[in-house]
Every structure is written in C-alpha cells, then in structure tokens.
Amino acid sequence: MTSAKDKPDPTDPNHDLNSIRDIVLGKDSSHVVDAVNRQAREIVRDVVTEALHDREQSDQSVNKILVPLVEKSVEQSVANRSEQMVSALYPLVGSLVRKSVSAFFAEFMQKTNQLIENSFTWRGIKWRYQAWRQGINYAEYITRKTFSFRVEQVLLIHAKTGLLLKSISVEKDAADADLVSAMLTAINDFVSDSFQQEDSAEQQSLSVVKTNDFTLVVKPGPNAILVGAVTGTVPETLNQRFDLALEEVHQIYHKQLLTYEGDNEPFEACDPILRQCLISQLNTTKKTVPWLAFIVMGIASVALIGGLTFRFIQLNKLSLLKNIGNEQGIVLLQANLNGISQFNLKLLRDTHATPITEWLKMHELNIDHVNVQEFPFVSTEPEIINHKIQSVIDRYNAVQFESMSAEFNGQVNLSQYKSMQSQLLAIPGFSLSNYSFDKLLIDTPKPAVNLLETREFNMLVNDINQSWIEFDIEQGQLSTMSKKTLSHVHKKLVRLIDLSIILNIDMRLLIIGISDKSGQSGVNKKLSEQRAFSVKQYLVKNAIKAHYIHALGAGEIDDSDIASNARRAVFSVLLLSDNNKSGFKQ
Amino acid sequence: MIQKKVAIIGATGVGKTSLIRQYVEGIFSEKYLTSIGVKIDKKLIELESKKVQFMIWDIEGIDQFSSFNTKYLRGTSGVIIVADVTRSSSFNEASTILLDVKKQLDIPCILACNKTDLTELPTDDTLKETTEKFNFVYETSAKTGKNVEAMFYQLATAVCE
C-alpha cells in the first residue's frame, strides 16, 4: 500500500528521468546494492593489504587499533586456553631459559670480577668516594662505570613550549622529567640568546651538555627536541640513532606537534620509537677472562679443600689416638679434638704400661698437640704381670724368666729364692701355681749336721705319716673339717721341705686315697684316686711344689682296723736320698 | 591532564618569586634565576572538568637597564605580570611588559597588584588606564597569600578556554 506522497507526479519535470532510473536500477537501487554485495568481497580482498599498509603509513591508526585487539586476544587466550598457549610457547621456553641463564651467569661472573677488582683497588676506593660524593649507591656508580655507555633516560620535548611530551627511563625513579625538560629548554634559549651573532640568522642551540656523570645529548628538531641522558662515552652511532628517532617522531607526529595544546595523550604511542634510543653497551675492554674472579674462586676452593683435608687428617689422628686404649695396662676414658689441632686424652695407666710419650712417638704423633690427663691404675693383664715379673727377676743376675712358657730358670741360693718368691707374690694378679720353678736350681749351703734339725725332720716325717684326712661318704672333695686338718699337715710339710733342703735330703710325699668297701669296687677305686688328688691339689695351691707330691688311689682297703672308717687319704713321706742316712728315719 | 606553560614577569623586587613560593613548593634552587634569568616550578591545578599542570616560568625581574629575554615567552599560554602597589613606577613597567608580551602572543594576561598587605591599591587615572589593558586584575599579597590561589585558578581557566 503506497501513500499519495509515494505516487509519481506526472507534472514533475523529472518524472521521465525517474521512471528510467527505476527501470535501470530497480526500486531503492536494489540492483546496485546486490551487485556491490556480490563483488565487494573480491574487490576488498585484492586491496586490503595495501590499504592497511597505506593507512598505517599515513597516520599509524592501524597499529593503534590492532595493538589493543591483539593484547586483548592474547589476554583472553591465556585466561581461557592456557593449555594451548603453553603448548604453543613450549618449544621456545627451553631455549629461552637456557639463553637467559647462560647470559645471566656470564654477566654475573663479569660483574663479580669487576666488583672484586673495584673493591680492592685504588680505583675501587676512588669510585666509592665518588659514589658517596654524588649521593648515589656504589652499585649504581659501578653500573655507570661498567657500561661503555648507557642511555639512562630519553625525553621528547615540545620545542616551542619546552613542555615534556614523553619520557622513558631505565630506572623507575628517574629525575622529574617535566622540570628537567623545561629547564633544559630555558638553558637552550639562554645559550641561543647569549651566543647568537647579530648578523646570523642561524639559530644557536645546545647539542651536548656534559656533567661529571651524565652527557645530555640534545637533538633539536623543528617542532620537538629529543634529549638523552647518557652515562659513559657517547658513541657516534648513538647520535645517528637519536637523529633517526627524531625524524621518525616528526614524520609520524607532525600534525600533533604543530597543533600541540598541552595534551600529551597522542604522544603515548611514541614509546617504541623512544625505546629504541634506550640502549647500552658493556665495557668491551673489561670483557676479558675474569682472572681475578677465577683466582679468588681458586683460593677459596684450595682453602676449602685444605680445610677439609686437615679436618680429615685430624679425625684420622683422633681415631689413631683412640687405639691407645688397646694397649695393655692402659684404659682410655676419653679422647676428643680440642680446637683445630689439639687433642685431649683422659686415661688410666699402669706404671709398667708403655709410657704415653713413647706410644705417641711410635705412632709419629706430635706430643705438643696432645694434652694427656693420666690417672694411676693397677693392671692384672698378663703382659703387665710378665713385665713386673721381669723387673723382679732383673734384680737376680742368674735367673731368667721365659714369659712364653711361664718358666723360671737359672740358679739362686735359698735366701735369694725366698726373697724373690715374696717379691713375686707381691705382684697383683701373680699366682705361683701359674708358673713353673722346676728349672730353677736352688743352691743350698752344705749344712753342718744339726741334730736338732734332723730330729725335727724325723718327727715331722713321723707326724705326717701318721696323719690322714677324712672324707664324707661317697665324697671325693675336701670338707671344711678336712681342710682344717690338711692345713696342719701343710704347715708340717712346708717345714719338712725346708729342713730337707737344709739337710740336703731328697724327699717326696706320697698321698694315698682309700675308700671303704661299700658300693662297687670300680667306683671306690675312682673315689680313692679323687680323694688323693683333692689333697694334692690343695697342697699345690698352697705353694707346695708339685714335684714333691705323688698321689694315687688305692681303692678299697680290706683291713678290719680301719674298715670302719676307710674314707680317707693317708700320707707317706718317701726319702729318696740323703747325705746323712744314719740320722734319718723313714 | 594537560600541560601549560605560564610565565610570571615583573619589575625587580615586585615579589614574583615570593608569589610563586607562596603557591608552590620550589624544587629547583633559586640560583638558576640569577644564572640564566629564569626559574621553573610546576603546580597541578584541578579545574571542574580537567586537570592542568602549570609549568611556571619565573622570569627574572626587569629594570631600567635590562629587559627580559622574550625567548622565554615562546609557547607560553598565559602570563601574570606583577606590580608593586607600594611603587607606582612598577605599574608603568607592567604596561611596558604587557606591550612586549602582546607583540609576541595573544594570550590571557593577569595583572597581580602585589604587596597589598602593606598599602591599598592606588586609585589614580594612570593606574586605571593600566589595569584596563589586562584581562584580569588581582590584588595580591605574597605575605598573606591573599588572592594568590584564586589568581592562578583564574589563569588556568583562561588558558583552557
């Protein structure tokens, strides 16, 4: 349904023309729209790259639009598709980290070397003073000195107003850039005004301002000034870099610079251009092999190895010192390391044990390094007893002692023998029964016939022969009572032996064990032997030499006189030889 | 935030530096003023719709023997010319300065009649003639701070129009 307004007016002078247009293009130009829709994609496809390139060259707007879009896309990808992002970056990360770490270590060694060099040298002290004087820390000062040059800060200043358009710096806390810009412009104006020749149209301008620490490289352009604060020696390449950057700024921001009204926002995008100027170069002369660092590291390593070796040696020595406890006659109570090289020893030592100093010398240990705290001690160890026996024996020239066989041999007179015996018995742990004196010849002086002694000898022989030791029924061991009786016999026997020596009589004591008839005769035989040996054992234990005594078991005794109490051992003194037979009675 | 360069000019001893000291806390040493004839400070002013950072160029005072370096006025958005109410000749010098400025730039100029804590503003015809040439006139006192803030706020408004 069309309104009257839409209807063609036949009176209109363009009526015919409109009718033709409708026929050719269709109502609402639909033919043209359709045609454009069909072909637009193909047309745009052919020129889109060039168009983007031209637009970017023209006003950098393409980059402005794309950068936020790309940033947002990456941000969303990281947030939502982190796995895919990690997979995509994975091949790069390893080599990136390796490269970064190796670069870090190379720089670290270099810096360490320089730090050491600068710390211990005259130059280091001078630099410290300079750093203090300038109110900056030493590390920062070294950094400045380390770099051949470094652009610390770059300022882009509007030439006409002296207002700061953009500033970037290495350090976050860079100087108040807007005031610096303004002051620099003022100084530039001052210089320009002061040194311009009246007849010259050429504008004078600062190009370099030098201080102790910085060189301000000033690059004036028609609408903007580029200023770089540089430490170190400014290379020619830096000037070229600044020139290029300034040209680029003028090329891109020409319009904005001309119409600048104090709004810095358009110049935010010039960050990449300025950042190209923020360059540095390490001091190549110093990039040699860091010998000093190596030497210090080497000394530290040698000291460490030396220290560990010394410690190892000391511990070995301590372990060796602990072996002193294995020595006979020495008991080690405590051994420890005191400080770096001193040892403390606390021990018990028998006076006949090896002296500590000798032991230390024997093991090539320095006595000066060992503090010994020694306490007296009596040892009953065999070696020490032997040592003590030897010291007793040494007093008797004709006596030898074989420690291996525990035998005494040689010759002594009777009084010497007695004296030696008492000295030996005084040795703790010494027992006569453990040693043999059979090979020791005892010289007895030819006694004059002494009737009294002979008489006593005979009486003792008689007494002993009439003595017996009673045993309990079926017992071969001595009872308390029997021991008491035997002790009397022992005393008599000791005196008898003494007299036999004095009288030069060779004598033996025969001990005969007997039993009653009760029980089996075989058992009784054994029991009688046991009784005889019990008596012999007692006497030998009590210092009667074994070679004086013979013991035998007689078995059962068929004698009506003693059959009532035949559980006994009887004695019989045998006189084997005598020099005065007439006086003796067997 | 936008930046604007403004200058404060006046005869020697009218109190320019004192006015700035009253308004901002100086960062640079004042020795710059005697060395190269200018000292620069900055101050952020918050207007209703925007923030303006003033880079205030305190230009060394002029006297009968020397004028100020007009190069320092390049790119200036506004000027405060200071006169001393206790010294009528300073108003003549302010007129001269205004002429120099207007030769170079068509920018808002404010007359600061300073030291009003010492005496009142004279009302003679010459003075009236002088004040009429300025966009704005303020009676100020660097000592008491009278109208200092308002004057700078007015300048900020004027330069942003």
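Per chain, numbering begins at 1; letters A, B, ... match sequence-line order. Keep in mind it's a predicted model, so treat the numbers as computed, not measured.
- Within the 4.5 Å cutoff, side-chain heavy atoms of A:Thr185 are placed close to those of B:Trp57.
- B:Lys5 and A:Lys160 make their closest contact through NZ-O, 4.4 Å (heavy atoms, listed as atom of the first residue, atom of the second, distance).
- Nearest heavy-atom pair across A:Ala182 and B:Met55 is CB-CE, 4.0 Å.
- Residue pairs satisfying the salt bridge (charged side-chain N to carboxylate O under 4.0 Å, His left out) criterion with at least one member in residues 258-267 of chain A, sequence neighbours excluded, are listed as follows: A:Glu261-B:Lys4.
- The local environment of CD in B:Glu132 is crowded, with over 12 non-hydrogen atoms from other residues, nucleotides or ligands closer than 6.0 Å.
- Environment of CZ in A:Arg55: sparse, with no more than 12 heavy atoms of neighbouring residues, nucleotides or ligands closer than 6.0 Å.
- With no hydrogens or angles considered, no side-chain donor-acceptor pair links A:Asp178 and B:Gln3 at under 3.5 Å.
- When the options A:Leu179, A:Val180, A:Leu184 are evaluated for a side chain to side chain contact (heavy atoms under 4.5 Å, CB included) with B:Ile40, the one that passes is A:Leu179.
- In the displayed structure, B:Asp106 atom CG is contacted under 6.0 Å by at most 12 heavy atoms of other residues, nucleotides or ligands.
- More than 12 heavy atoms of other residues, nucleotides or ligands lie within 6.0 Å of NZ in B:Lys133, so this atom counts as buried by the packing criterion.
- Atom CG of residue A:Leu163 and atom CD of residue B:Gln53 lie 9.0 Å apart, to the nearest 0.5 angstrom.
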